[in-house]
Number of protein chains: 2
Amino acid sequence: MVTLKDIAERAGVSMMTVSRVMNSKEGKVSEKTASRIRSLADEMGYIPNSSARSLAAKSSQIIAVILRDSNTFHPLSDPYNASFLGFITREIQKRGFYVMIHFVQDFSDITFRLRSWNAEGAIFLGVFDEEVQKIQNRNKIPLVFIDSYSNVRQLINIGIDDYKGGQLAAEYFLKNGHKTLGFVGPFTKTGGVISKRYQGFSDTLLAHQITLFDKHVYDLEQMDPQDIIDSISHDSCPPTGLFVFSDETALQLINIASNKGWDIPSRLSFIGFDDLPSFCTFSDKLTTIHQDIFRKAETSCNILFEHIATPDKPSENITLDVRLVERNSVCRLS
Amino acid sequence: MVTLKDIAERAGVSMMTVSRVMNSKEGKVSEKTASRIRSLADEMGYIPNSSARSLAAKSSQIIAVILRDSNTFHPLSDPYNASFLGFITREIQKRGFYVMIHFVQDFSDITFRLRSWNAEGAIFLGVFDEEVQKIQNRNKIPLVFIDSYSNVRQLINIGIDDYKGGQLAAEYFLKNGHKTLGFVGPFTKTGGVISKRYQGFSDTLLAHQITLFDKHVYDLEQMDPQDIIDSISHDSCPPTGLFVFSDETALQLINIASNKGWDIPSRLSFIGFDDLPSFCTFSDKLTTIHQDIFRKAETSCNILFEHIATPDKPSENITLDVRLVERNSVCRLS
DNA sequence: CTGAAAGCGCTTACAG
DNA sequence: CTGAAAGCGCTTACAG
């Protein structure tokens, strides 16, 4: 293993001079020695020891990505998480930082994982609303939450306008003559995100004198997609359209309904949510609420690194826009 | 920040004693002092500094997961990679190790990333066949490749029986009376995996006096799914069945064909590949070659950690079995 | 522009 | 069972 010291000896200078060159703190080193040291380092195959740097400089260049793990599917089986992680990894690497991922079940783990490696910042993917305050109290590095609806005052958060997503879906259904509608989503596990989408949807319906009946609010934590379609098939007054919290689940429902011989969208219309780039080949017929996940990832990293550069920067809660993408899963009713 | 030294002072012992307790090197410490130190550490909120441990002990407890990045979609937009990464992350964490992920474009990056953090082992996801030897020469830690067909002799690799997958698909088509068949896959980028599946498929057809025509071997690097369906629709002697390298692409093709009004499987049959757990809700009608990705992930980690524990353990190349899962995307021809 | 000293928080290797 | 010393590879903070 080649160290600074080895290079220093060969170059006949002190370790400090080599260190300066390696960290591009030049202008403090004559260009002549600098270039000699660079070529020597290159020739000897020098690779800086990040642990040593981290220990001495108290800067690890590690960004921790914390993902909520559950007992069933792991967090990366959700294409939304996988897609987001991919984009932020690219962004983080682009800045010369490293990505450590952590699947966590409970709060206590987080502080340990963050501090043990002296992470310089963290991005939280999944629902941590209950723990945000505790996490912040214990970790004084920039913490960026994604899609959090925690009401902690000083919160760095990047989210989207979930409420508006619900509104857009409702308006679109109404515009197409639908009067009996349903909502599908997992309510508790997904924190505020789902309830905002639900609220935007139901508020808008209500404003048009349309009630979203309780029996048409399908909670994926109580029933699975098959149950939902069954329930609808036995419903005396079934919904003509469903607003589904994710494209993935929407496609699943469409699949089940189609297998039952239902004509989609004429028997049952659908609006999904997300419109992930890697998913579009399956959802090319699905009308959906689009969110720009690349932009969300990019923004998250920009904000994170701004806060790393300027620790006393005030926290900011950014809400990105959403829009409805019209395709062919909503039937026009006369 | 609480250090070993702080605890040592409060406990009135030396740092070494605290260090021993923290590393559970007991039996070398009286149980009385040990328990006192443990509760003190707990009370003071001690979190060991991994960088310092890594530097002093030359053991980082970091496993690097190297994913091949390209210029288009990032590696985690592929559900196979995402799924695999999720499983190995759980396994690695279970053993008290940390996961650092690295998206790499070219070889030179790899050594830097591995050595800079003193990774104790690495798992390679994606095609690195060309570089395996160079990577191994430069990095003397256990390196586990996934699905590699590199012919380097000493290779730790976990793969599946891709050739058999192709055979099973061919046999199943033949059993159902198909005589004109096609193969779909990206040929160059995916290394040996795809060509083995192709070979198993075409060899088996040939053994039954059936030729796989060149024009029915669709290379996804030359044409996209839409082109393939177009090509088939203009084909004077079109295939009645396609063996597709992944479920994802198979579903895409089915989607396009269905939109064209084709009846699936009667007009065109499909066999896919992978059968990922998180994907099954879309592929519930797709006959496919199943691989056990959880088992693959688990095996990879077992092998990796065995090699970390026993550095001179001989390399092993493990091939997991595959099986055909019969569903409803292959039509029975008379 | 360059360097000698001290220290980051831990472990190894030895001595008792 | 316990501890004092040296060192891992780097940077900070100072001095020149």
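Naming: A, B, ... by sequence-line order, numbering from 1 per chain. Below, each value reflects all heavy atoms present in this structure, side chains not excepted, and no hydrogens, waters or symmetry copies.
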Encoded 5' to 3' (Watson-Crick or G-U under 3.5 Å; [ ] crossing; | other strand), DNA chain C becomes |||.||||||||.|||
Residues pairing under ring pair (Phe, Tyr, Trp, His ring centres under 6.0 Å) where one sits in residues 60-96 of chain A, two or more places apart or in two chains, turn out to be A/His74-B/Phe87, A/Phe87-A/Phe294, A/Phe87-B/His74
The side chain to side chain contact (heavy atoms under 4.5 Å, CB included) partners of B/Glu130 (sequence neighbours excluded) come to none
The side chain to side chain contact (heavy atoms under 4.5 Å, CB included) partners of B/Pro79 (sequence neighbours excluded) come to B/Glu248, B/Leu276, B/Phe279
Those residues at least two apart in sequence (or on a different chain) that pass side chain to side chain contact (heavy atoms under 4.5 Å, CB included) with B/Ala11 are B/Val13, B/Arg36, B/Ile37, B/Leu40
A/Met22 atom CE is separated from C/dT2 atom P, nearest whole Å, by 14 Å
Those residues at least two apart in sequence (or on a different chain) that pass salt bridge (charged side-chain N to carboxylate O under 4.0 Å, His left out) with B/Glu9 are none
Expected string for nucleotides 6-16 of chain C under the B/S/- scheme (protein heavy atoms, under 4.0 Å, primed atoms plus P, OP1, OP2 as sugar-phosphate) is -BBBBBB----
Residues passing the side chain to side chain contact (heavy atoms under 4.5 Å, CB included) test with A/Ser108, sequence neighbours excluded, are A/Asp106
Tell me whether the guanidinium CZ or amine NZ of B/Arg68 lies under 6.0 angstrom from the six-membered ring centre of B/Phe103 and within 45° of its axis. no
Applied to residues 69-89 of chain A, the salt bridge (Lys or Arg N to Asp or Glu O under 4.0 Å) test, sequence neighbours excluded, yields A/Asp69-B/Arg90
* Counting just side-chain N and O atoms, does B/Thr17 come under 4.0 Å of either OP1 or OP2 of D/dG3? -> yes
